[in-house]
Every structure is written in structure tokens, then in C-alpha cells.
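Counting convention: from 1, in listed order, for ligands and their atoms alike.
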Amino acid sequence: MKTKSFLTGMLIVLLSAIVARADAQNAKFTPQAFYSYDASGKITGYNLPALPYAYNALQPSIDSLTVSIHYDKHHRGYFTKFTGLVKDNNLEGKTLDEIFKNMSKYPDALRNNAGGLYNHTLYWENMGPAIGARPTGALAEAINKQFGSFDKFKEQFSNAAKNKFGSGWAWLILSADNTLKVTSTSNQDNPLMDVVDQKGAPLLALDVWEHAYYLKYQNKRGDYVDAFWNIVNWDEVARRYANAMKH
Ligand code: MN
């Protein structure tokens, strides 16, 4: 009896370790800061990742008040609603990668709030006080190869952002065939969701909802998009590119 329960105990430990490793593998495109883990590495909860800089770090491209309201009210709001919806839908312990892959099976409220939580985290992290920086290394080469030049890529991405009708996002993604693509999504959809046409690993995200720019730019979305290029954190985009090439 003792041996049996010992073996059962060992089996449970072993299975937990396998499940925990699966959790980590299923978070390919999600910042680790999203998740809380127990000692075995299993996901036990979700976090709102901290804003990676001060509210005024993106000035003059994006003003402090816009950043503070956008992060503390909008982004936090998506996070709070997401944690409730995860419970309601019995999805505790799932990674966002897994939820997005099966998005069509879940209610629209989860689609909007899981997307809102994830997209904003990417957006904050792919910006920083990096005036006029440009991509370097393998990412720069891939951009030149795919779009002809960095300026041509910028133009294509800017057009996607400026021409997106209504609320949504512009993206640079790495698609499954390892080519770079510029895309856009509506509302809080993103390229990891099974419900979008153009899927891939998100490398660069730009929020074009009015709440992202209206206080400073009012109706001039184009000026906000042009200013975005002054504050892109290309090191983070390059890190995502290297990670996506591995998967
Ligand atoms: Mn937003």
C-alpha cells in the first residue's frame, strides 16, 4: 500500500512537471510577466505587466496624460475584465497563446478583453524614449528583403495605420512561411487569433483607437502615426523577431 501511494505520488509529481513544461511552451508569444507560476512552473494567475517607463517618457510624440489614461484606465480595464472572463469560461491556467488559437470558440467579450490586455502590453513594450532609432542586424536585413527598404516598410505600415477605418491596430508580423507582412486588425483583434485573416507572430503593434492619440492630436491620426516612428523600441522588435524565427 505504502509503495503504491508512493508511486502514485511520484506519478503526480512527474505529470505536474510535464503539464508545467507545457504551460511554458504554450506561451511562445506572450511576455512571461503576464503569468504567475507555482513552484513547479504551473500557471496560477495573470498579471498586468507594469508600464516599462514613466508616463512622460514618450513625450513629445505621446503626451503624459494620454499614456497615463491609456495605461491606468483602458489597459487596466481590459486586464480586470479578462481575469473575470477567464474564471467565467473555466480557462484558468491557459496561456493567452492558447486562448487566441481557439478564439472563435469563446464569447466576444473574451476576444475583446484578452486582445486588449495582450495588444497593449506589446504596444507599450515596442515603444520607448528612442528618438529616431532604426532596426539593425537580421531584422533590418529581413525588412529590406521583404519591402525593398526601411522607408518603403515605414510607408506601408503607416498607410495601414492611417487607413484603418474605425478602431483597430496596425501590425508587422512574421507569417508561418517566415516572411514579414504588414497587416491591420479591427477592435482588439490580433494576428494570433484564429478569427483573423492574416495570422502570424506579432513583431510591432500600433494602436490606432482614438483614445491612443485624441487628447494631443484630435482628428489628426496621421500626425500620431508619423510621430510613432520617433519612439519605436527596435531592440524589442528584434527580440520578438528572433523569438518568432525559433518557433
Ligand atoms: Mn488602446
Side-chain angles (χ1 to χ4, degrees), residues 29-31 33-34 46-86 96 99-100 103 108-130 157-173 182-193 195-196 198 202-233 236-237 240:
F29 304 116
T30 321
F34 269 136
Y46 305 92
N47 310 305
L48 175 64
L51 190 70
Y53 33 70
Y55 295 140
N56 65 2
L58 305 178
Q59 295 198 122
S61 299
I62 306 179
D63 59 293
S64 300
L65 186 60
T66 296
V67 172
S68 70
I69 294 173
H70 200 174
Y71 176 76
D72 272 330
K73 306 293 181 198
H74 292 278
H75 193 179
R76 192 178 298 282
Y78 293 119
F79 170 71
T80 306
K81 287 183 185 143
F82 167 79
T83 52
L85 287 158
V86 159
L96 283 172
I99 292 171
F100 292 150
M103 203 72 253
D108 281 353
L110 184 63
R111 175 172 166 179
N112 294 335
N113 290 288
L117 168 61
Y118 177 79
N119 300 352
H120 286 90
T121 302
L122 260 62
Y123 172 68
W124 300 126
E125 290 183 352
N126 67 216
M127 296 188 293
F157 187 97
S158 295
N159 286 338
K162 291 174 186 178
N163 298 332
K164 180 73 203 164
F165 187 77
S167 297
W169 292 76
W171 302 94
L172 173 67
I173 64 169
V182 167
T183 70
S184 66
T185 55
S186 294
N187 304 315
Q188 296 295 350
D189 287 354
N190 69 52
L192 293 176
M193 293 181 179
V195 291
V196 305
Q198 292 179 291
L203 306 181
L204 178 65
L206 176 57
D207 188 344
V208 296
W209 283 57
E210 282 188 345
H211 68 226
Y213 60 87
Y214 207 84
L215 292 178
K216 180 178 168 81
Y217 294 98
Q218 292 85 47
N219 59 316
K220 297 185 286 286
R221 184 195 283 182
D223 291 356
Y224 158 72
V225 172
D226 292 340
F228 172 68
W229 298 111
N230 291 324
I231 48 172
V232 174
N233 176 356
E236 171 60 15
V237 182
R240 289 178 196 165

Do you know how many protein N, O or S atoms are within a distance smaller than 2.8 Å of the Mn ion (ligand 1)?
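Total protein N/O/S atoms under 2.8 Å from the Mn ion (ligand 1): 4.
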I'd like to know if D207 pairs up with K164 as an ion pair, taking the criterion as any Lys NZ or Arg NE/NH1/NH2 lying under 4.0 Å from an Asp or Glu carboxylate oxygen.
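Judged by the 4.0 Å cut-off on N to carboxylate O distance, D207 and K164 do not form a salt bridge.
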Ring centre gap for F29 and F100 strictly below 6.0 Å
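When the ring centroids of F29 and F100 are compared, they turn out to be at least 6.0 Å apart.
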Does Y123 have its ring centroid less than 6.0 Å away from the ring centroid of H75?
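Here the rings of H75 and Y123 have centres that are no less than 6.0 Å from each other.
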Give me each pair satisfying salt bridge (Lys or Arg N to Asp or Glu O under 4.0 Å) with a member in residues 56-66, each pair once, sequence neighbours excluded.
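Passing the test, one end in residues 56-66: no pairs.
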Pairwise side-chain contact, N126 with R240, heavy-atom cut-off 4.5 Å (strictly under):
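In contact.
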Side-chain (W171) to main-chain (L203) donor-acceptor, under 3.5 angstrom
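Checked: no pair found.
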